[in-house]
Protein chains: 4
Amino acid sequence: VSAGRIGRLSRGPNPVLFELLYEPHFREDRAHLLGHLLSIDAAHVIMLGRCRLIGEETARRLCALHRHIAERLRAGDELFRPEGAHRGLYLVYEQHFIAELGPEVGGASHFARSRNDINAALTRMRLRDEVGALVGRGAELLRALVAQAGAHVETFMSSFTHQQPAQPSSFGHYLAGVAFELERSLALLARSRAAVNVSPMGAGAAGGTAVGIDPAMVARLLGFEGSAANSLDAVASRDFVVHVLSPVAVVGSTLSRLATDMQTWASHAYGFLDWPDDLVSTSSMMPQKRNAYVWENVRGHAADAAGGLVGALMALKGGPFANSVEVSWEATSHLWPALESCHRALTLTTLLIANLRARPEAMRAFLEGADTVMTALADHLVVRHGLAFRTAHQIVSELASARASGAAPGAGEGLAGATCELLAAIAARVAGRPIALDPAELSGALDPVACARAARYGGGPAPESVRGQLASLAERAQALEAQAEGWRRGLDAARAELEGALAELGGRGS
Amino acid sequence: VSAGRIGRLSRGPNPVLFELLYEPHFREDRAHLLGHLLSIDAAHVIMLGRCRLIGEETARRLCALHRHIAERLRAGDELFRPEGAHRGLYLVYEQHFIAELGPEVGGASHFARSRNDINAALTRMRLRDEVGALVGRGAELLRALVAQAGAHVETFMSSFTHQQPAQPSSFGHYLAGVAFELERSLALLARSRAAVNVSPMGAGAAGGTAVGIDPAMVARLLGFEGSAANSLDAVASRDFVVHVLSPVAVVGSTLSRLATDMQTWASHAYGFLDWPDDLVSTSSMMPQKRNAYVWENVRGHAADAAGGLVGALMALKGGPFANSVEVSWEATSHLWPALESCHRALTLTTLLIANLRARPEAMRAFLEGADTVMTALADHLVVRHGLAFRTAHQIVSELASARASGAAPGAGEGLAGATCELLAAIAARVAGRPIALDPAELSGALDPVACARAARYGGGPAPESVRGQLASLAERAQALEAQAEGWRRGLDAARAELEGALAELGGRGS
Amino acid sequence: VSAGRIGRLSRGPNPVLFELLYEPHFREDRAHLLGHLLSIDAAHVIMLGRCRLIGEETARRLCALHRHIAERLRAGDELFRPEGAHRGLYLVYEQHFIAELGPEVGGASHFARSRNDINAALTRMRLRDEVGALVGRGAELLRALVAQAGAHVETFMSSFTHQQPAQPSSFGHYLAGVAFELERSLALLARSRAAVNVSPMGAGAAGGTAVGIDPAMVARLLGFEGSAANSLDAVASRDFVVHVLSPVAVVGSTLSRLATDMQTWASHAYGFLDWPDDLVSTSSMMPQKRNAYVWENVRGHAADAAGGLVGALMALKGGPFANSVEVSWEATSHLWPALESCHRALTLTTLLIANLRARPEAMRAFLEGADTVMTALADHLVVRHGLAFRTAHQIVSELASARASGAAPGAGEGLAGATCELLAAIAARVAGRPIALDPAELSGALDPVACARAARYGGGPAPESVRGQLASLAERAQALEAQAEGWRRGLDAARAELEGALAELGGRGS
Amino acid sequence: VSAGRIGRLSRGPNPVLFELLYEPHFREDRAHLLGHLLSIDAAHVIMLGRCRLIGEETARRLCALHRHIAERLRAGDELFRPEGAHRGLYLVYEQHFIAELGPEVGGASHFARSRNDINAALTRMRLRDEVGALVGRGAELLRALVAQAGAHVETFMSSFTHQQPAQPSSFGHYLAGVAFELERSLALLARSRAAVNVSPMGAGAAGGTAVGIDPAMVARLLGFEGSAANSLDAVASRDFVVHVLSPVAVVGSTLSRLATDMQTWASHAYGFLDWPDDLVSTSSMMPQKRNAYVWENVRGHAADAAGGLVGALMALKGGPFANSVEVSWEATSHLWPALESCHRALTLTTLLIANLRARPEAMRAFLEGADTVMTALADHLVVRHGLAFRTAHQIVSELASARASGAAPGAGEGLAGATCELLAAIAARVAGRPIALDPAELSGALDPVACARAARYGGGPAPESVRGQLASLAERAQALEAQAEGWRRGLDAARAELEGALAELGGRGS
């Protein structure tokens, strides 16, 4: 008997299949899944023993070998490295047990289970770890955004719509806005773990079993929060692949938009931001260059989850609702590179946000050179002079046109003197009544920084408003961290229970 | 002043823009958003009045006009149908108020708000309704699956993996499995509504306002569960588009797999299922045809959300984190056809599931003609004769090969006589010891129906197991329905409060 | 007999099917496909008559009715508008013939054909028209780009990489670059038509026929370039959906990048571009705004083909290789909105390119204020002073740093005096030998405009280089137009032949 | 000077950037691009030398080092393996030359070129090789399909629509249909190479150069078919990524549909196909299993290009039209795994097609048990008895219903006796006149095999028709092979010229 032959098949796999499928999958599986496979096997054997579905001595010898393998792996031994053709990690693994303990003992554990439920369990165990790591990494970025925003609550700049200056705002307000969008996706990602962390063990090939197993015990020993209710659902469903990748794709969307703004604001035309030499590149041809090019990696990496999402949806589409390689291997294969890309994108973004150098004076100069106070001016005409907003808007629009065409002094030159007179003339004509404007009042009130400081309603950039937003974001970051920490503790506790049971059963009689 | 000119622009829109953008958007907006726009405007005016940001008489006249418009719309009057060029529904709407009430009153309400926060609010109001409808429709399908599964808990059939017969199961077990996957996506879809149902009103163009508005009051009058904390996030984010479309795409994935099985099992080769004449088609060329072709519409419709998801992610990718047409109009435009497709797919599937006619005898004949009890036979060798499972598997594999090659009587012919002897001979050789098999015991135990009935562990098809699964599914369907009902009640209450306030303010002084 | 019943089905379609499928498809089909259906039917009847597969009189009466219908449609009569339930346009159409001519004549033409080959032919006929229109529209944009580029061959500006100033270039060079990418996709789109324009008629349901038809005659009468060689391929394949949508998606990609640059360069920070009032918008809240927002529609529209591509690939994935509703209706349904979106995006872009107002002085000021001549300076050190390029690059890098930090006069201040001395000092240190720089030579040579004018190798921005590029682009635009014109002529000729044959057969005996 | 520092940057890359970006990219680049980089550098140096842009001795020493490096690499030396931090393969490469030859000679070659044009050239060189390999592999599958189809021209089976039996056909006809769809995508893939195989060298960073280089010479030495006309297009465009991936995605679509049919027909319910033991798997739990599971890998792998297409479109969307990491690295990164997946899918499919074992008797039994001759029966009523087809269809529909309900003898039992009488009765009633049917004539004519043999029109399954189709397919396969062979020869010739030039210049003076 070899790992290449099993059951009724007279031959090992065709060499082409071995080269293109079994071999690369085996390498990937051993790297990422072997530890989880050992846990699953151990939990199953413990359950079989406790349920008296295998004999006490069989259980003891299997558990003892488990502990021995664990020791050898810790010591760096290269186990499970077959030389010839085989049919994948699971059969190699099983053959190892048979070779060590003989067919009667080594072959006893694959009872009331199948590669189908095992494969589903392996994917879920790997994925819950990666989701945990990603939530943690995302919370770090959230922290970095909150910290940087906190430092720039009073770093005033123009906001933009349609790439044109809009209203006075602050850099801290911008970063807080991005953080809110990011947080929602992280919260959804964290929530997606609940459906991942359900044990399929006991479902067998698809039909459960008549053997009196205890799936709940296996689930608990493996740190799952429960067992699948329906054995077909347990092995046929991979809906969680999309449910996990979707918030990851939205994280990518958020980062791509942040990256665009960061690179725009770091450009020569704006000059709002910069990074130290170790975070920019120059050109092999153009000596003057300092490129904040890493944001382009962020944008590109961030897009990977969208591709993975489509790959997974394609693989899931239209096959039978049953276990198949297309769902169990192909659909899930899109998870790992997409999650790694997101992990990188989050790490790079955290690095860039934490190390950015803002240039408040450049932001301020731009703000004062753009007509961002026109809304506030119209509001002033409403509040102070009783005009309807649409009328006030029309008056200020005409002023803005005059400023843009050079017929009136431009932005940055205040509203005193000539401007005030012009505004009064327009207002009288449009509103049909004289408006008594006070230059001093206007000049004082319409300073862009004062406008930003005053915008305290509707989630605006007033410093106390932004500070409140940041406090709320910090709480949410903490909640995410606590959640990730809770997951780690839960898995540690399960692992401890599993090892205790292994020691107890494996140690018996020795 | 016309709806085509505003502020500093000297001209209405270019005819090409009007034809390709403003006109089609206007038609779509009036059909889907006008009611919501009236609500938003009413809530804003009530708030401005209560906060004393517009005068009492101005508020009274605006509210009175609101009530008048509502009456005329109920009477079927065609309002808001401009003849010439314009710049979209909002400006047409505002011009109507100015035309009716003069610029001082009619132009007063666009104060401390912008098309940006209004557009975001409109999308969210439309979307929360559609999510509610979709959850309701999904719950109906869940009910239909549960009902049909309940009728077929003892309709035994083969399960399948890799399109080959696997183990004895039941049609009810299959339908329950699909229902579990469906339910998870519906639950996520329901959950996605929370992030949708947050009011952006008060955010203005992006920067909030210095005017002392009360965004929480507006939010409550519109049935939102709260207000956006950050004004930039309020107008720049459309992450919810993806967060809603993703579970919808997974619903599509689930339906596509169900559709594949249904059509396969309705095919001539299987003959397990059929539908009445009004749910099948024939061929214009081939007279013998009865095609369950609607499942192909289901599969195709179900794929639409994947396309919409990609369209939305593309539109969201890489733009500035700010309000833009690309996010507010283009990205959200992918929602509506995708949601409608899913709505159709759910409706068609519900119709087909509710009206399917199973042929239990065909399922049973197939079950008995396929070697689906081989796992149970191996289990029997383990439990009754103490073999290791892998050894038992090897023995039964050899028997299966002999049956397939004709060297032993095939499936459906039981295990009596010759088969039992052959099995004993294989067992003795492989296990290296004699195994005393009892033909009667084997025959009795290995009936596929008995196997299905016995599979009560791990979520298997045993009738009592499936009944328990269905009870749990019915509870979940009820929970979804209760949730959708709660949303409806919440919106009704908000609407009643809004109309009360309108009557109170608008009636004052009259 | 009604359009709702056919063959062995005892009932018309279920009302839900009628409402969700037949009715909307019927409306869409009648709007877009009725003319093509008339042509197909006419060509088939002519062929049946000529091949003596239907009687002469039958052919005559069918052809006469065809001409009558054509007349009535031209007169605006509302034909083919059934009142009750039916099963789609084709059966409604056939019933009309039976009602007019009786079952023996009216029911004769559906012989040796099927809805399967007819549906495939309809899609191909609609699609070849849309491809033709799109290629034409694309060629117009190409013309607009070439014209605008031609006007700006000497409008010098900085090129950019990583959003930072790179080297001296011209606006014409930029537009030509974009045009080259656009042209490649248009050429591929044009090429995709060949596989579309193949007739499936004769394939029947999938299996061809034993009846002695002449598919080549039908193909010619319909303007197809040939007939499908294999009848299964003819009805099962919709690969052309993706082959058409893919270059359309790349057109979208090109336009999205162009749109980003246009909007960036129109922003306050750059001020390079502007559009007249009828092509920009302002804000309902912010009076100062002039937004080149249409580029955001272009970006969003341009993304639609990517969504459509995914929808089509999803629908095509994993179904049987056979005719099915999923491929014939669902997969192709993604074509039409995606093609319309691209059509709009091309139209809007052409409008914006044709009407843009460049501000050469702003481009020039930016060019002179950025260190874009550093590469040319390094080249000068190589060519004039014999340094290795990497050494020259290092020297100039140090100069650029000094300028950026304020330690040397900055860009725009030339290289005279102090700068020249500093450069000489760096050069001497880095190269390890004295370099005799001549300030006059440097100042003259390193003018950014002179640099742009000199860059005549490798497709650079030197005016004569760009003029050559534009001549080549104009040729390609012409070739595309000639191709589209050839298609139109081919279809017109086929139509004339078809009408001639109809008149000949239908007129006989009358 | 180190590979981690360049130009004005004071520091090497940040360790996080090095770990997440430079290091993995370097490993990938050295594995896949080093050979191409050596060629590009050699061609550039030869051109610089011939154009007298570097001195004769400099050229000689650079060429000599090139030949030395080539020798060492052939000998297995590990070159270009830096120990510390660096900024990517190109700078490591350049540092090697400087270390070996000193800054004046080793640093001379990066003149009038940039990493931008070099990177574009590297991608194009790698991609043209992969396209060539893929076309070759696709042609092999085409050959296998043609061979297998040729063996089964007279293996008759039912065709299917909507998964129901349709008309008599043959397995050869089916395989030919699939081959036609496959061939179209391969032809488009082959055509996409032309736009890939254009040299960007000379474009520099984006702006070409004023240095008198000869880009055409470099292009020829590298086997490119020409040079980019516009330097911006040369470095900013990656449209070819999508143009290549799109036909690859359609290949995937075709394979997924083929895979579905193959697996369906290999299922227990059909039993039409089988594969040897080394190409199927069994179950670790279910001993009876023989799963043709590799088709599930084919389906899944085939979907990968769709994901890659979306990833690439996302990366290309909305960035500036300029060189950026997002287009040059991120967008192109989606090519390699997608192409590898397609390569695998083609290889696996070829293996499975070449080794399939058809069971003609099972196909024949199914064919005779399904009512697939009903269309031919209706045709017979038209041709032999002068009925209109719709009338004949109605008559046969009623017969089919009677057979399905058991009111008449079913399929496989011929049309003699009772059936003939029933048919005559229906015909008389429906047609309103007696129809004199001849049982012998009917029985003879309506044999499904005879029907298939007779279907020689419209690309049907008649053996001579299919043989003609296969001859055409074989020609197309040969044409693809010839094209791929032509590419190989072209690249070999260019390589020979490059090595000759290197020997000539590098050998001079030695």
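Heavy-atom distances place both the backbone and the side chain of A/Ala236 under 4.5 Å from chain B. Heavy-atom distances place both the backbone and the side chain of A/Ala249 under 4.5 Å from chain B. With a threshold of 4.5 angstrom between heavy atoms, B/Glu104 approaches chain A through its backbone and through its side chain. If you measure heavy-atom distances from B/Val325 to chain A, the contacts under 4.5 Å come from both the backbone and the side chain. Heavy atoms closer than 4.5 Å to chain B are found in the side chain of A/Gln163, but not in its backbone. In this structure, the portion of A/Val327 lying under 4.5 Å from any heavy atom of chain B is its side chain and not its backbone. At a 4.5 Å heavy-atom cutoff, the contact between A/Asp261 and chain B is made by side-chain atoms alone. Looking at B/Phe111, the atoms closer than 4.5 Å to chain A (heavy atoms on both sides) sit in the backbone and in the side chain alike. When heavy atoms are compared at a cutoff of 4.5 Å, A/Leu255 does not approach chain B at all. For A/Val211, the parts lying under 4.5 angstrom from a heavy atom of chain B are both the backbone and the side chain. Using a 4.5 Å cut-off between heavy atoms, A/Arg113 does not touch chain B at all. Both the backbone and the side chain of A/Thr161 come within contact range of chain B, with heavy atoms under 4.5 Å apart. Interface remark: A/Ser237 contributes backbone and side-chain atoms alike to the contact with chain B (heavy atom separation under 4.5 Å). If you measure heavy-atom distances from B/Ala203 to chain A, the contacts under 4.5 Å come from both the backbone and the side chain. Both the backbone and the side chain of A/Tyr174 have a heavy atom closer than 4.5 Å to some heavy atom of chain B. When heavy atoms are compared at a cutoff of 4.5 Å, A/His110 approaches chain B by way of both its backbone and its side chain. In this structure, chain B has a heavy atom under 4.5 Å from the side chain of A/Leu188, while its backbone stays farther away. Neither the backbone nor the side chain of A/Ala166 has a heavy atom closer than 4.5 Å to any heavy atom of chain B.
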**Prompt:** Can you check salt bridge (Lys or Arg N to Asp or Glu O under 4.0 Å) on B/Arg390 and A/Glu94, steps first, answer last?
**Reply:** CA-CA 9 Å; B/Arg390 184 54 63 225; A/Glu94 205 185 59; 2.6 Å; yes
* To do: Determine, step by step, whether A/Arg456 and B/Thr209 satisfy the side chain to side chain contact (heavy atoms under 4.5 Å, CB included) criterion, reporting the C-alpha distance in whole Å, the side-chain angles of both residues, the deciding distance to 0.1 Å, and the verdict.
  => CA-CA 6 Å; A/Arg456 72 179 62 89; B/Thr209 183; over 6 Å; no
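Here the closest non-hydrogen pair linking B/Ala176 and A/Asn230 is CB-ND2, 3.7 Å. The two residues B/Ala205 and A/Gln167 come nearest to each other via the heavy atoms CB-OE1, 3.8 Å. A/Ser401 and B/Arg8 get closest at one heavy-atom pair: OG-CB, 3.0 Å. Considering all non-hydrogen atoms of both residues, B/Pro461 and A/Gly207 come closest at CD-O, 3.1 Å. Counting all heavy atoms, side chain and backbone alike, B/Leu313 lies closest to A/Ala306 at CD1-CB, 4.0 Å. Residues B/Ser185 and A/His243 approach most closely at OG-NE2, 3.2 Å, considering heavy atoms.
When side chains are defined from C-beta on, B/Val242 counts as touching A/Ser246, because their heavy atoms get closer than 4.5 Å. For the pair B/Val178 and A/Leu232, the minimum side-chain heavy-atom distance is 4.5 Å or more. Residues B/Val382 and A/Leu53 form no side-chain contact, since every pair of their non-hydrogen atoms from C-beta on lies 4.5 Å or further apart. Residues A/Gln394 and B/Pro103 have side chains not in contact (no heavy-atom distance under 4.5 Å, counting atoms from C-beta outward). Looking only at side-chain heavy atoms (C-beta outward), A/Ser231 and B/His173 come within less than 4.5 Å of each other.
Side chain of A/Ser324 to backbone of B/His162: no donor-acceptor contact under 3.5 angstrom is found. Side-chain atoms of B/Arg257 never come within 3.5 Å of backbone atoms of A/Gly318 as a donor-acceptor pair (strictly under, hydrogens ignored).
Ranked by heavy-atom pairs under 4.5 Å with chain B, the first of A/Ala322, A/Ser227, A/Gly212 is A/Gly212. Ranking B/Leu309, B/Val250, B/Val383, B/Asn116 against chain A, the residue ahead of the rest is B/Val250, based on heavy-atom pairs under 4.5 Å. Chosen from A/Gly208, A/Gly202, A/Ser253, A/Gly458, the residue pairing most often with chain B at heavy-atom distances under 4.5 Å is A/Gly458. Residue with the most contacts toward chain B among A/Pro320, A/Gly106, A/Ala108, A/Pro168: A/Pro320 (heavy-atom pairs, distance under 4.5 Å). Of the residues considered (A/Thr260, A/Asp239, A/Ile54), A/Asp239 shows the highest number of contacts with chain B, using heavy-atom pairs under 4.5 Å. Per-residue heavy-atom pair counts under 4.5 Å with chain B were compared for A/Lys317, A/Met314, A/Met201, and the maximum is reached by A/Lys317. Contacts with chain B were tallied for A/Ala210, A/Ser199, A/Gly460; A/Ala210 has the most, counting heavy-atom pairs under 4.5 Å.
Taken to the nearest 0.5 Å, the CG atom of B/Leu316 stands 7.5 Å off from the CD atom of A/Glu181. Distance check, rounded to the nearest 0.5 Å: CG of A/Asp214 to OH of B/Tyr457 gives 10.0 Å. The structure places CZ of B/Phe321 at 10.5 Å from OG of A/Ser256, a figure rounded to the nearest 0.5 Å.
With salt bridges taken as basic N to acidic carboxylate O contacts below 4.0 Å, one links A/Arg184 and B/Asp233.
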